[in-house]
Visitor: 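My questions will all concern the structure given below.
Only this structure's heavy atoms are used, side chains among them; waters, hydrogens and symmetry mates stay out. Values in this document were obtained by computation on a predicted structure and should not be read as measured data. All ligand and atom numbering here is 1-based and tracks the order in the structure.
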Amino acid sequence: MEGKTREEMGKSMITETWLRKHRSLYLGATRHPFIRSIRDGNIDLSSFKTWLGQDYIFVRAFVPFVASVLTKAWKGSDDSSNDMEVILGGVAALNDEISWFKKEASKWGVQLSDIVPQKANQDYCRFLESLMSPEVEYTIAITAFWAIEAVYQESFAHCLEDGTKTPAELQETCQRWGNEGFGQYCNSLRKIADRQLEKASDDIITKAEATFLRVVEHEVEFWNMSHGGT
Ligand SMILES: Cc1ncc(CO)c(N)n1
């Protein structure tokens, strides 16, 4: 890539350039102390329960967001049948995820009906809601969607690598987002985002990059909230 302009590399490398440019922030999300503590086996189980309850609330807000991305794909995509299939797969996975949260919560003695969303969660859900507006372009929304899923995929896959000390009772959680199928799904989302970005105006590309950064910041805050416990 040395010495090549973005045009020569092809604009399809846009997410790649962002990941490189914002590497330390991105690693701040995917290698967060909360994730490290799972991986090292010294996680405080009250932190895990906090995360579980808060993430259940997040996922419930995430469903209408993903549905809004699906709606935008219907008219806003160049390859809407491909994109709608990928996004619909995401909706189906979320249906399964909600059942999993309920089962997992009862296993850990977490009463989901009692959970009050904390500030970082409220802020993140409000951000999702802002992206649901019909004024927000498909390219922006699909970029956010990819980034949201990719942070979880990379974070939890990191806990499953050889030599990690992830506690047995948290393996299933890590598998949920760290498994290869979820990795493929994230790659599909990334390809869609790159394809959309390739033909986007500079203004949209700039907006999409800012959206990507905000997602990563919200993810860091979300882990911070969980890591703080209670
Ligand atoms: C906070 C958060 N980010 C991403 C995902 C992935 O679906 C999730 N479940 N929760």
Visitor: Taking NZ, NE, NH1 and NH2 as the nitrogens, is one of them in Lys103 or Glu172 under 4.0 Å from a carboxylate oxygen of the other?
Guide: yes
Visitor: Can you tell me which portion of Asp55 lies within the under-4.0 Å heavy-atom range of ligand 1? Options are side chain, backbone, both, or neither.
Guide: side chain
Visitor: Relative to ligand 1, is Val59 under 4.0 angstrom through side chain, backbone, both or neither, heavy atoms considered?
Guide: side chain
Visitor: Classify the angle between the aromatic ring planes of Phe62 and Phe65 as parallel (below 30°), tilted (30 to 60°) or perpendicular (above 60°).
Guide: parallel
Visitor: Students should be able to answer this: which protein heavy-atom is nearest to atom 8 (C) of ligand 1, and at what distance?
Guide: Tyr152 CE2, 3.2 Å
Visitor: Should you measure from each heavy atom of Glu149, which atoms of ligand 1 turn up under 4.0 Å away?
Guide: 6 (C), 7 (O)
Visitor: State whether Arg39 and Glu161 are salt-bridged, where the test is any N-O pair (Lys NZ or Arg NE/NH1/NH2 against Asp/Glu carboxylate O) under 4.0 Å.
Guide: yes
Visitor: Examine Glu219 against ligand 1 and note whether any of their N/O atoms are separated by less than 3.5 Å.
Guide: yes
Visitor: Does Thr15 use its side chain to pair, donor to acceptor, with the backbone of Asp194 at less than 3.5 Å?
Guide: no
Visitor: Using modelled atom types and a 3.5 Å cut-off, is there a donor and acceptor pairing between side-chain atoms of Arg36 and backbone atoms of Arg31?
Guide: yes
Visitor: Would you call the rings of Trp177 and Trp100 parallel, tilted or perpendicular, taking 30° and 60° as the class edges?
Guide: perpendicular
Visitor: Any idea which atoms of ligand 1 are less than 4.0 Å away from a heavy-atom of Trp177?
Guide: 6 (C), 7 (O), 9 (N)
Visitor: Give the atoms of ligand 1, by number and element, whose distance to some non-hydrogen atom of Phe62 is under 4.0 Å.
Guide: 7 (O)
Visitor: Near Ile148, which atoms of ligand 1 are under 4.0 Å from a heavy atom of that residue?
Guide: 3 (N), 4 (C)
